[in-house]
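Working notes, beginning with the structure itself.
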Amino acid sequence: PPDDPDEPQDTKTNKTENPVMPDPVKTVTDQNGADIDGFSVEAGSRLVYSISLENPAELTKTFTVKDPLPEGVEFVSADHNGVYDKKTHTVTYLLELPEKASAVVSCTVRVTDAAVFTELANTAEVITDTGNRSTNTVKNETIVPPKKDVCGPDGKSADGLAVNGEQVVIYEITYTN
């Protein structure tokens, strides 16, 4: 007799797993590794942009990471054979991640003099066979550090000069706001 369609059926299926690719995470640190996301930086500062990737699948996956650098920074170096394209101001990485593996790719940049009073916002894109994912955005504001000087009574800089106890010196601090 045919099975009753209203009764539970004993069926066998293949076990499948479709892991969800986690969002890549972007960080910005100083050269000592301290997180500086949201902090002010000045011209000449070196920033390290890092992207953390994870392959949750049971097989090796290819990851392409595209990190367009913000205006106001110049490229210094990249790890994991990251390739800098001067025309697009972008660092590109190509990685093969084994099953259940993770990796961090990083590039170092220098804040340029032209970046004064600029927001440096950086977001990268990670491309796999399952689609594209953007990282979170990290941000830094650029500032002009205060300038200090020691002047004589004539207003000329006396920085580095020897002064005796009877000379008058004026301490100047210039701050740009």
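Residue indices begin at 1 and follow the sequence shown.
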Side chain to side chain, Thr137 and Asn122, heavy atoms closer than 4.5 Å: no
Salt bridge (Lys or Arg N to Asp or Glu O under 4.0 Å) involving Asp113 - partner list, sequence neighbours excluded: none
4.5 Å side-chain heavy-atom contact, Cys107 and Asp79: no
Spacing of CG belonging to Asn132 relative to CD1 belonging to Ile127, to within rounding of 0.5 Å: 5.0 Å
Where Pro24 and Asn136 come nearest, the two heavy atoms and their spacing: O-OD1, 4.0 Å
Pairwise distance CD(Gln31) to CZ(Arg110) - rounded to 0.5 angstrom: 11.5 Å
Euclidean distance, Thr92 OG1 relative to Asn81 CG, rounded to 0.5 Å: 12.5 Å
Going by atom type alone, with no hydrogens or angles, which donor-acceptor pairs under 3.5 Å involve a side-chain atom of residues 33-43 and a protein atom two or more places apart or on another chain?
from: Asp35; atom 1: OD1; to: Asp37; atom 2: N; distance (Å): 2.9
from: Asp37; atom 1: OD1; to: Lys139; atom 2: N; distance (Å): 2.8

Distance, nearest 0.5 Å, that separates CZ of Phe63 from CE of Met21: 4.0 Å
Minimum side-chain heavy-atom gap Thr60-Leu97 below 4.5 Å: no
Exercise: identify the closest heavy-atom pair between Pro22 and Arg133: O-CD, 3.9 Å
Student check: side-chain heavy atoms of Leu69 and Thr90 closer than 4.5 Å: no
Side chain to side chain, Val28 and Asn140, heavy atoms closer than 4.5 Å: yes
Common cluster, Val25/Tyr49, ILVMFWY with side-chain heavy-atom separation under 4.5 Å: no
Pairwise side-chain contact, Val104 with Leu53, heavy-atom cut-off 4.5 Å (strictly under): no
Test salt bridge (Lys or Arg N to Asp or Glu O under 4.0 Å) applied to Lys61 and Asp129, step by step: CA-CA 8 Å; Lys61 294 252 184 203; Asp129 62 346; 3.0 Å; yes
Check: Thr112 and Val73 side chains under 4.5 Å, non-hydrogen atoms: no
Minimum side-chain heavy-atom gap Leu47-Leu120 below 4.5 Å: yes
Test: Glu125 and Lys66 ion pair at under 4.0 Å: no
